[in-house]
Each structure stands twice: as structure tokens, then as C-alpha cells.
Amino acid sequence: MIKLSSKMRLFAIISSALIVIGLALGTVFHFTSDKFFNYGGEYSSYKSVTVSYVYTEFSKTEDVEKICEDAFGGAGLKSISVASGKAGAGVEITYKFSSSADDKALSAATEAINAKIAEATSMFNDIPQSRASFHTEEAIRGGEKTLSRAAIALAVVFVVSVVYTLIRYKLSAMCVAAVAQLHCFALLAAVLALCRIPVTSSVLVFAVFAALATAVCVSFTLERICRNRKDGDNAKLSLAEIADLSAAQTFKANLVFCVFLALAAVLVFILSFVSSLSLTVILSPALCALAAFAVSFYGGVLFAPALYAAFGNAFAKSKEKPLNNKSK
Amino acid sequence: MGKVKSAIITVLLVAAVIVLALFATISCGVPGSDGVKRYNSFLSMIPLGGDITGEATAVIYPEGVISDSDYNYVVSDEDENNKEKREKYLDKYLSKGSLWIDKEKLGDDDGKAFAESVKNDAEIISDRLSRKGYTGYSVTVVDGYAVRLTIPAGFSYSAYKNYDVSARSEALSDAGHAVNYLTLAGKLDLRDGTEYDSSNSLISIKEDFNSYIKSASAFSRAGTDALRIDLTNEGFDKLNSILTAGDSNSSAYIYVGETNVQLTFTMGTALSDKSLYFQASKSYSEDYAILIDSVAKGARLQNNYNDSKESTATSLLAMTPAYGENAPIWLAAAVGAITLVSIIFSIIKYKRLGIVNSLIILLYALAVITALTIIGIQVTVAGVFAAVLGLALLCVSNVVTFEAVRRETSVGKTISTSVKTGYKNTLFAVLDVHVIMIIAAAIMALVGVGELAACGLIFFIGAIASYVLYWFTRFMWYVISSPARDKFKFCGFAREVEEDD
């Protein structure tokens with residue numbers, strides 16, 4: 001049995017260091033590039049090269065893709081994503097590049113693609129209908145509404161879970177639940193800011209799931225603590241010993257829960273990688289999912305029992321009655 | 001419970017699960033239709049997000065802006081018949097990035113004010129799209145003077161793979177309708193002709209039809225969808241006087257700018273209520289509601305888009321999904337593998353009790369698939385995780401309880417006493433977790449927008465299914481274990497203390 005109660009100082013140092021470094025880095029990015037987080041997907045601007053071709057000039061998408069990839073490779077460019085769709089009598093292929101990609105290189109690559117298309121279609125007509133064009137696309141921050149609503153949802157979830165804990169248990173348990181949840185939010189925000197994981201709407205969902213997973217782990221641990229405090233033999237133990245015992249008893253269930261979710265994330269993203277053959281597409285949600293469940297495990301399974309012992313001692317010292325389960 | 005009763009209940013339940021599983025997962029040609037008709041499984045009818053089945057995208061050009069390909073198509077054509085048009089284009093347009101802009105539109109400030117107006121329009125369009133509840137969408141300003149809209153194509157698997165052609169065209173039609181209607185510019189008007197004419201407005205020049213409308217919303221009851229427009233008191237009186245004064249054989253039409261939005265009033269008939277209902281499909285009524293509400297509240301686009309006189313008509317492209325063309329298959333394989341791993345784990349750990357748990361896991365999967373098909377929630381990769389989170393909740397609740405029962409058996413209690421005590425001991429832990437999760441999921445669904453709201457709803461269904469099935473596990477444990485002679489062996493529990501007979 002690991003004595004988690006004695007590790008509170010260690011956990012506090014690890015968490016504070018991560019939170020302070022992450023938030024400081026985010027603040028620096030906020031003032032230098034107006035980006036506390038690295039907004040990705042629907043919230044970020046990008047550059048694109050759109051290639052439209054007609055079936056009368058090219059019969060296979062692969063032929064056009066080869067021309068494009070050669071041109072981008074020659075200009076030293078690598079696209080973030082590629083998507084294609086049928087458009088009238090042909091197909092449109094869109095290559096997305098990050099907003100920091102070099103304009104001159106993109107223009108040169110676009111010209112090279114047009115030259116190659118003209119060369120390949122010269123036998124059909126003088127003016128090719130197939131054509132590539134380079135665009136800069138500035139994102140409209142419609143995502144801000146999603147972000148603000150996600151923040152409101154997180155705040156309400158936090159308040160509800162804390163109030164529920166207060167109703168079910170007592171003040172010290174409510175403090176543990178509140179601090180554990182806040183710790184989870186801060187840690188996840190710091191990890192996102194620190195690792196510069198692109199924040200998309202999927203990432204927001206995983207952040208909320210991390211908060212929920214933490215709530216599950218904390219809830220199981222608190223309930224076990226209450227039960228042990230009422231148990232005849234265990235009632236004689238100190239608060240720290242009860243916290244350690246309860247953490248050990250719920251460790252397996254909490255571990256199964258977090259590992260199950262982490263494994264599910266790994267499996268989904270491995271198969272998504274097999275499907276997309278693009279690491280850039282899956283990297284952001286995969287990293288966020290793993291970070292979310294790692295934070296939940298650390299916050300709910302390791303940090304919360306140690307926190308309970310610390311709070312319990314503080315409350316005991318201030319002569320307040322210790323935690324009591326009112327449900328029975 | 002007697003052996004026969006137990007066997008009957010078990011067989012009935014297993015048969016129900018098998019039949020439901022077949023309907024939920026297997027798509028096939030309908031026998032006797034010679035391959036013409038096809039049965040699409042529940043799974044293949046769930047609407048999927050843009051990350052799994054691709055997005056629909058369109059670039060819209062304001063009046064006075066044309067694309068590079070449109071411009072080049074005209075100016076490169078050296079045909080004598082095209083000379084006048086070619087010279088007009090060469091004289092009229094100026095290059096800005098990959099776009100060609102009418103010099104008059106650029107004005108004295110080299111197009112800064114025009115670019116600003118396009119950006120403002122893009123923000124209004126973005127706001128309108130956000131109200132549509134898409135799981136993901138984006139609006140970008142292309143080269144400063146055009147707007148790109150990207151929304152989920154909204155395909156189910158059968159539509160995505162073209163097994164269900166009508167569902168595919170319906171999804172694309174809905175997306176196209178949203179793009180066309182949510183980008184309409186101008187103010188609301190009431191006109192007495194199906195085609196726009198500057199003289200056919202029924203509203204006097206001193207009046208403003210926008211002020212007649214309090215709000216507009218999508219309305220749904222008993223499977224019928226409609227647009228609901230709530231009029232102000234003044235609007236109700238004035239609209240009534242306009243409609244009753246007209247010829248009873250004619251109609252009046254609502255316009256946004258120069259576009260007839262196909263919402264019709266019969267003239268000569270008085271309105272009976274301040275709330276007006278116009279029947280339309282769910283997606284169309286949402287589009288009308290968002291458009292009319294937005295325009296009535298003053299959010300009007302400054303530029304006209306989709307001017308077919310100048311550029312080729314806006315075409316909506318269904319793009320390949322970011323996760324690859326076979327993303328739905330791989331995702332289904334991943335979810336199948338997760339379910340299989342949890343089944344194998346529970347059978348190894350709890351022997352025949354694990355089989356009971358496996359049955360419950362299958363029931364959970366079928367319940368979620370059926371609910372998603374009926375409600376029609378758009379499922380993204382994050383949505384799949386919401387369902388997996390519900391499964392994890394069910395599994396962990398059962399594991400916690402099984403372990404509590406195991407602890408009781410280890411101190412010498414019988415299985416029935418241990419089950420009773422085990423469930424009693426874990427009652428509040430499991431209840432706490434589920435109550436918090438159900439409330440949290442409901443908050444996510446109600447407060448969140450887009451993907452967050454969809455995931456909240458999926459998790460809400462998952463959490464409720466998890467709690468119901470948690471108690472069903474106890475019932476099935478009792479039913480299936482009844483005929484077993486050695487109930488300890490049935491559960492994979494070691495008998496630590498010998499029973500005293």
C-alpha cells in the first residue's frame with residue numbers, strides 16, 4: 001500500500017510546477033502572438049492550394065496528386081491535410097498548409113503545378129480547364145462561442161458536482177472535490193498551453209471528459225473514505241491512514257476506469273492513423289485524450305486522497321467535526 | 001428460481017439480443033426485391049460528423065468578385081465572338097491574390113472598406129451557422145474578398161457509401177439549402193410576386209417589415225416540423241390590414257433582400273394568432289428561423305453573394321473526411337475491439353459471471369446504437385468517446401460491485417448474502433457517480449453548442465443506460481446463476497472459508 005498521504009508535498013510541487021510553467025508559457029504566447037492556447041482546426045487561419053481538374057483532361061486523381069506532391073516537395077512544403085471532392089465534371093483537391101508557410105514557396109509551387117498541368121494537357125487543348133490557385137484563408141472566430149459555452153458548461157458541472165458532494169458528505173469532502181476538480185482544470189489547461197496541443201472542439205470535449213473522469217475517481221474514493229471511517233476497525237485509524245487505505249481499496253476500480261478510457265483512446269487513434277495515414281490529423285485529439293485521462297488518473301487517484309488527508313488534518317485541528325456520511 | 005424459469009428467461013433474452021444485434025448491425029438486400037430494395041441497419045443510419053464522413057464546403061463570392069478560374073476561362077478564350085466580353089473583363093477587374101475584383105468595388109481606398117464589409121458578413125454568417133447546431137463548422141475569409149463555408153456533410157454510413165442514394169441527396173440538399181439561405185443579404189420584405197421587382201413590395205416605404213417580427217424559431221411537434229414566427233402587437237395589426245386588403249386569389253411572399261424565401265401568405269384571410277407557422281422539413285425550418293431571426297434583429301449582410309451573372313454558381317463540394325475515406329469502418333472496428341476487450345477481460349476475470357457482464361455490455365451497445373438512430377444525433381470521434389465513457393462507467397460500476405461481493409465471500413458468507421451486502425455497500429458509490437455524470441451530461445447538452453452538446457446528449461444516454469443496466473446485471477446474475485450448483489465457481493470467486501453445513 002502506497003502512503004499517498006505523505007506524498008502531498010511532492011504532488012503539490014509537481015502540480016504547481018506544471019501549472020505555473022504552463023500558464024506562464026501560455027501568457028507569453030498570449031502577449032506575443034495573441035494565442036494563449038494553440039488554436040487549431042476550425043479556430044485557426046491557414047493557407048491553401050486548390051487544384052480543380054476535369055475528367056476530360058485527367059482520368060485519375062492520382063495523376064494530379066503526383067503533380068502536386070512533386071511541386072510541393074520541390075518547394076520544401078508539407079501540407080497539414082488533403083481533401084478532395086467531386087465538382088461538376090471534375091474533382092477539386094484542397095491542400096491545407098499552416099498560416100506560417102512561406103507565401104513565395106506556395107506561389108512558386110502553384111505556378112509549377114499549373115505549368116505541369118498545361119504540359120500534360122497540351123495534347124487536348126491550348127487552354128487547360130484544370131487549374132491550381134493559392135489562397136490565404138483567415139479564420140472567423142465563430143469558435144469563440146463554442147469556447148465560451150464550453151467554459152460555462154465546465155463551470156456549471158463544477159458547481160453542481162461540488163454542491164452534490166456537500167449535500168452527500170460534509171464541508172471537508174466538498175473542499176477535496178472542489179480542489180481536485182480545479183486542480184484538474186488548471187493542470188489540463190497548463191498541459192495544453194505547455195505542449196501547444198492544437199485546441200479544437202474535440203479537444204474541448206476531451207477536457208470536459210477529463211473533468212468528469214476526475215469526478216468519478218474522486219467520488220469513489222470519498223465514498224470509500226466515508227465507509228472506512230464508519231467501519232469499526234478502521235475508525236480507530238488516523239485520517240492519513242484511512243485516506244491511504246481507501247485509496248488502495250479504490251485503486252483497482254479507478255485504474256480500470258482510467259486505463260479503459262486511455263486504451264480506448266489509443267485504439268481509436270491507432271486505427272484512425274491507419275485510416276488517414278496522417279499523423280498530423282490524429283495527433284491533436286490523440287494527445288489531448290491521453291493527457292486528459294492521465295490528468296484524471298493523477299488528480300483523482302493520487303492527488304485527491306493525499307489532499308483529503310491534508311484537509312482532514314487541517315479541519316481536525318480547527319476543531320471541526322471530521323467527515324461524516326449523512327446518507328445512512 | 002427454478003431451472004426451467006431461468007432457462008426460459010435466459011433464452012428469451014439472448015434471442016432478443018441476437019435479433020436486435022442483427023437489425024442493428026447487418027445491412028442487406030431485401031429478400032424478394034431482386035436487389036432493388038436494401039435494408040440499412042441502425043448502425044448505418046446514424047448521422048456521422050464531418051471528421052468521419054467528410055465535410056461540405058463552398059466558396060461564396062460577393063457581387064463584383066470572381067474566382068481566378070472564372071476570370072481565366074474568359075480572358076484566355078481567344079474566340080472572336082468572345083472578344084467584347086474578354087475586353088470587358090480585362091478592363092473591369094483587378095487581381096487581388098487569387099481573386100479578381102471589380103475596380104469600382106475597390107474604390108479609393110484600394111478595397112479596404114470592401115474587405116472590411118466582407119469580413120463583417122463572414123462574422124454574421126459564422127454566427128448564423130453556430131445556431132444551426134453543427135458538430136463542427138468553419139468560416140474563413142478567402143484572400144480578403146470571398147468567404148468559404150465548411151459544414152459537416154451530415155451523411156450516415158449508408159449515405160456516405162451511396163447505398164442509400166436518397167439519404168445522400170437529402171443530406172447534400174440540406175447542406176446546400178443552409179449555405180444558400182444563411183448567406184442571404186438584405187432586409188425582410190413582403191411582396192406580391194414570386195419574382196423580385198422593386199415595385200412589388202406590400203410594405204410602404206415609411207414602414208419596416210423587420211419591426212413586425214419579434215422572433216423566429218424552428219418548431220417541432222408529433223413528427224411535424226415548422227418555422228414559427230412571433231409577431232409584435234404592432235406587426236400583427238399591420239400585417240392583418242395588409243393581408244385582408246388584398247385579393248383573395250393572390251398570395252404574398254416573404255423576401256430577404258431580393259430572394260423569395262418561399263414563405264407564403266394567402267391574401268384576403270385575416271391572421272388569427274400572433275404566432276405564424278410555416279410547415280417545412282426540420283433542416284429547412286431551422287434555416288428559415290435562423291435567417292429571419294438574424295435579419296429581424298439587425299444582423300444583415302452588406303454584400304450580395306452567389307451572383308450567377310458574374311461567376312459560376314456556388315457549388316457545394318462533399319470532401320473526403322480528414323481521417324481518410326475508410327474512417328467509418330476503422331472507427332467501427334475500434335469500437336468493436338474495445339467492446340471485445342471488455343468482454344474478454346470480464347470473462348477471464350469472472351468466468352461465467354463475466355458472460356452475464358458481456359451480455360450487459362452488448363445490451364449497452366445496442367441501446368446506445370438504437371437511441372442514436374432514433375434521435376439522430378450527429379456522431380463524431382469525440383461522440384464515440386462519449387459512448388465509450390458510458391461503457392467505462394458501466395464496467396467500472398460492475399467491477400466495483402463484483403469486487404465488493406468477492407470481499408464478502410472471502411469472509412465466509414454465502415453468495416446470496418454476499419451479493420446482497422456487496423450491492424448494499426456499493427449502492428451509494430455507484431449512485432453518486434451516476435447522478436453526477438447524468439447531471440453533468442445534461443448540462444453539457446443544454447449549455448454547450450455543436451460537438452460539445454452532441455457529446456453531452458450521447459453521454460446522457462450512455463450514463464442512463466449504464467445505471468439501468470447496472471441493476472439489470474443483478475437481475476441477470478440471479479437468473480443465469482440459479483441453475484448453477486457451485487455459485488462460487490460460477491463467479492470465479494475462491495471459497496476462502498469452508499461453509500459450515
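Only this structure's heavy atoms are used, side chains among them; waters, hydrogens and symmetry mates stay out. Below, chain A is the first sequence line, B the second, and so on; all start at residue 1.
To the nearest 0.5 angstrom, A:Leu222 atom CG is 11.5 Å from A:Met174 atom CE.
Contact annotation for B:Ile436: only side-chain heavy atoms (C-beta onward) come within less than 4.5 Å of a heavy atom of chain A. In this structure, chain B has no heavy atom under 4.5 Å from any part of A:Ser107. In this structure, chain A has heavy atoms under 4.5 Å from both the backbone and the side chain of B:Ala386. Proximity to chain A (any heavy atom under 4.5 Å) is shown, for B:Met319, by both the backbone and the side chain. In this structure, the portion of A:Phe134 lying under 4.5 Å from any heavy atom of chain B is its backbone and not its side chain. Neither the backbone nor the side chain of B:Leu129 comes within contact range of chain A; no heavy atom of the residue lies under 4.5 Å from a heavy atom of that chain. Residue contact with chain B, scored on non-hydrogen atoms closer than 4.5 Å, involves the backbone and the side chain of A:Val156 alike. The part of B:Ile439 that comes within reach of chain A is its side chain, from C-beta onward, which places non-hydrogen atoms under 4.5 angstrom from that chain. Residue contact with chain A, scored on non-hydrogen atoms closer than 4.5 Å, involves the side chain of B:Val435 exclusively. Heavy atoms of B:Ala318 lying under 4.5 Å from chain A belong exclusively to its backbone. Contact of A:Lys47 with chain B is not made at all, since no heavy-atom distance falls under 4.5 Å.
No side-chain N or O of B:Thr150 forms a donor-acceptor pair with one of B:Glu55 less than 3.5 Å apart. For the residue pair B:Thr320 / B:Glu325, no side-chain donor-acceptor distance below 3.5 Å is found, with atom types taken as modelled. Between the side chains of A:Thr136 and A:Tyr46, no donor N or O sits under 3.5 Å from an acceptor N or O. The closest side-chain donor-acceptor pair between A:His135 and B:Ser98 falls under 3.5 angstrom.
Relative orientation of the B:Trp100 and B:Tyr71 rings is parallel, given thresholds of 30° and 60° on the angle between their planes.
When each of B:Leu431, B:Thr426, B:Val430 is paired with B:Ser397, the side-chain contact (heavy atoms from CB on, under 4.5 Å) condition holds for B:Val430 and for no other.
Most heavy-atom pairs under 4.5 Å with chain A: of the set B:Ala337, B:Ala382, B:Gly383, B:Ala429, this distinction falls to B:Ala429. Considering only heavy-atom pairs separated by less than 4.5 Å from chain B, the leading option among A:Ala153, A:Ser52, A:Ser133 is A:Ala153. Contact count versus chain A (heavy atoms, under 4.5 Å) is highest, among B:Gly456, B:Ala440, B:Ala453, for B:Ala440. For chain A, the option among B:Leu391, B:Leu389, B:Leu446 with the highest count of heavy-atom pairs below 4.5 Å is B:Leu389. Ranked by heavy-atom pairs under 4.5 Å with chain A, the list B:Ala56, B:Ala122, B:Gly49, B:Ala146 is led by B:Ala122. Listed options B:Ile443, B:Asp143, B:Val142 were ranked by heavy-atom pairs under 4.5 angstrom with chain A; first place goes to B:Asp143. Of the residues considered (B:Val335, B:Val341, B:Val147, B:Asn72), B:Asn72 shows the highest number of contacts with chain A, using heavy-atom pairs under 4.5 Å.
Contact check on A:Glu223 versus A:Arg227 returns a salt bridge, with a Lys/Arg side-chain nitrogen under 4.0 Å from an Asp/Glu carboxylate oxygen. Taking the charged nitrogens against the carboxylate oxygens, B:Lys119 and A:Glu138 do have a contact shorter than 4.0 Å, which makes a salt bridge.
Although no hydrogens or angles enter the test, the distance criterion places no donor-acceptor pair under 3.5 Å between the side chain of B:Asp127 and the main chain of B:Glu123.
With a 6.0 Å cutoff to the six-membered ring centre and a 45° limit on the axis angle, B:Arg168 does not count as a cation-pi contact of B:Tyr160.
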